[in-house]
Amino acid sequence: MGLNRSLRFAFNISKSWIQIYKTYSTCPKFPGAKTTFTNQLQFTETSSYAPIPIFRILGPKGELLNSSDEPKLSEEILLKMYKDMTVLNVMDKILYESQRQGRISFYMTSYGEEATHIGSAAALDLDDLVYGQYREAGVLMYRGFTLQQFVDQCYGNIDDKGRGRQMPVHYGSKDLNYVTISSPLGTQLPQAVGSAYALKDTNRVVICYFGEGSASEGDAHAAFNFSATLGCPVIFFCRNNGYAISTPVEEQYRGDGIAGKGPSYGINTLRVDGNDVLAVYEATKLAKDFASKEKKPVLIEALTYRVGDHSTSDDSSSYRPKEEVSDWLNNDYPTKKFRHYLESRGLWNEEHEEQLLAQANKGILAALSNGEKKKKPKWTEMYEDVYKFMPLHIKKQQDAMKDHLKKYGKYYPIDSF
Amino acid sequence: MVSKSGRTLLNLASLNRVISKRAFSNSKTLAAKQMTVRDALNSALDEEMTRDEKVFILGEEVAQYDGAYKVTRGLWKKYGDKRVIDTPITEMGFAGIATGAAMAGLRPVCEFMTFNFAMQAIDQIINSAAKTFYMSAGRVNVPIVFRGPNGAAAGVAAQHSQCYGAWYAHCPGLKVVSPYNSEDAKGLLKSAIRDPDPVVCLENEILYGVQYPMSDEALSSDFLLPIGKAKIERPGKHITLVAHSKAVETCLDAAKELAGKGIEAEVINLRSLRPIDIDTITKSVVKTNHLVSVEQGWPTCGIGAEILARLMESEVFYHLDQPAVRITGADVPMPYTQSLEVAALPRPADVVDAVKRLLKVK
């Protein structure tokens, strides 16, 4: 009986195959094939496709290259963008010094990449979810993270929402929809896709920042592929700043950069001048509208240059010439370019600049001195958050500590907690 | 990766802090040449590359940048692009490439910037490197070394400060070494490179900059330390302290303090975590009748747990006058806070307290 049945099954299959072959045509029938047959045997090379061009609005001096490209942004927004870029520079300078003085253990500056942060942040809504890599402080600043909050995190004091558990610059803010930075590289990429999948039924999108170095991690491949196949409203925003610590892009990849990978994954892709804040804004706006409406991913590659060291643990002079850095600083620096543009529109001048710098300096130094004076997170907190519900063995430790402090509290700097 | 996020969490500042702190050592060659662990590893790599053309190094920043922790300093200049290879940032990628190169007969030394980032590559290490010899019925061996800093660093929080000793020691097919001082580092790494099987070499970031004496023998290019053999760092008769990596220093400091109270602790430096030298521990415990294991890793399923279980299963159990005790890292993700970080790791005082409790000494 069983044998008969399986024979009949096999017969049915072969019959349906015959029907398929009857509809023979020159179009390939291979599953997923979207092409034609050819009798020419030849390589498809990187050069078989034109490289994706770099979208820009401003020239190297900050001049509007095409008058029709004038951004439709209010003066208020334009000025907020510029101010945040500038304040970010000032904050970096002071917190970097703070690390050098041994007040904090680690810091990362954003010099040269301000436009990628602010341009993209300005194009998003506050309820869009941000996954950063680690060098995206400007995005958080644009969203409203205060100088005091930055300092509190770096100092790990009582007002640090991370309860002093993360290294400096590993910011996070639930209120501002900014996922806390995770140290291991590239983990944010598939996670962002998962979050975007979860948000498919809303109008929100997820933006995920990453460097050209982390695009080499296997996570990046998984993220790109899943975002396309699952139709996730996520914007992959690559800050291609030329170096992964010391590894230059020439050693990081071949082919047409990070943007070149997008189309092969079925992802709509943009390449933009990452030193042109207006171009970054326009690209991210287009990406957001598309991702939100179509429920599909977008890849943006912003080309920029890391003017600062990778982090306070790095000395970039050992792997790149100083002249290269000063060339970018002097001839294509995002903040300077944008300032020139605003001045040309009569929105900014030297007096405004001086006021802003003085105000920023004062604000950060005040935040710093406040932050240093604040108490440390309450000692009871060190037993919390390993598990959602505190297990008995941890509870016992916490109770033992409480008892201990009841007796011997005076020998501890209890007042500093 | 932080560094890698910060991916770099190369906390050089904290390294500098420890460089000046000379660790206690009771090596018999006190007048011998001093060498940092970093230089000892560097000379091991250099000598083995000179000796065998099949040996090459790959990893992130290992060439032009001399390695994130400068362990490969000067090797790129000396051996060139062919044998010191900077890779794109893909642990699973370059660990896989190194494993394949080893299958094809080369002897790769695969550097992870830290073992925290090797989590990306653990499938290659466990499922491919460790098991291929067995799965190929002995036809394909994988003579590879996975090396890099392991264990608690300083000021880099939960994702960058943890010991992987127990993780790798768990897996059959792997050998795992965990050097403490400069002699260990050189002798074990050289043996690892020459070994026909995959070896995980767990170095300690904090110890890289610390100087230790090197005997004339250790300075020789023929110096090898056998994998699977522990070393008695300090002989004693009252209690056995067994540890690996930086915890050896903790034990030696504790032993020094205990000596002042008339307690002679025998300190065993495990050197290898797999195979683990249970014979040396056994002989010591038969003599001292007391055991404390000390490690920076977590307690559950840890190296100490393994040692205690092995002794429990053997005749040595009857030689113990008191239950053996584990001193481990605290069972929590590593705190960022400096004072808690110190408290989360075994300190000499913890060892002294445990010993006094076991020996019922006030």
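Fair warning: this is a prediction, and the values are worked out from it, not measured in the lab. Order of the sequence lines sets the chain letters (A, B, ...), proteins ahead of strands, with each chain counted from 1.
Within the 4.5 Å cutoff, the side chain of Val386(A) has heavy atoms near those of the Pro333(B) side chain. Met382(A) has its side chain out of reach of Thr337(B): every pair of non-hydrogen atoms, C-beta onward, lies at least 4.5 Å apart. Put simply, the side chain of Glu91(B) does not reach to within 4.5 Å of the side chain of Leu185(A), judged on heavy atoms. Side-chain contact between Gln159(B) and Ser182(A): present, with at least one pair of heavy atoms (C-beta onward) separated by less than 4.5 Å.
Residue-environment remark: NE2 (His170(B)) stays at or below the threshold of 12 foreign heavy atoms within 6.0 Å. The number of heavy-atom neighbours closer than 6.0 Å to OH of Tyr178(A), taken from other residues, nucleotides and ligands shown, is above 12.
In this structure, chain A has no heavy atom under 4.5 Å from any part of Asp66(B). Neither the backbone nor the side chain of Pro335(B) comes within contact range of chain A; no heavy atoms are under 4.5 Å apart. Pro168(A) touches chain B through backbone and side chain together, each having a heavy atom under 4.5 Å away.
Shown here are the side chain to side chain donor-acceptor pair (under 3.5 Å) partners of Glu97(A), two or more places apart in sequence or in another chain: there are none.
Options Gln252(A), Arg135(A), Gln166(A) differ in how many heavy-atom pairs under 4.5 Å they form with chain B, and the most are formed by Gln252(A).
Counting only distance, with no hydrogens or angles, the side chain of Ser216(A) and the backbone of Thr90(B) share no donor-acceptor pair below 3.5 Å.
Rounded to the nearest 0.5 Å, atoms CG (Leu340(B)) and CZ (Arg165(A)) are 9.5 Å apart. Rounding to the nearest 0.5 Å gives a distance of 4.0 Å between CE of Met113(B) and CD1 of Ile245(A).
Here the shortest heavy-atom pairing between Tyr65(B) and Ser246(A) reads CB-OG, 3.5 Å. Across every non-hydrogen atom of Glu251(A) and Asp86(B), the tightest pair is OE1-CB, 3.4 Å. Listed here is the closest heavy atom pair of Gly218(A) and Met92(B): CA-CE, 3.8 Å.
Residue pairs meeting the salt bridge (charged side-chain N to carboxylate O under 4.0 Å, His left out) criterion with at least one member in residues 149-159 of chain A, sequence neighbours excluded, are Asp152(A)-Lys374(A), Asp159(A)-Lys374(A).
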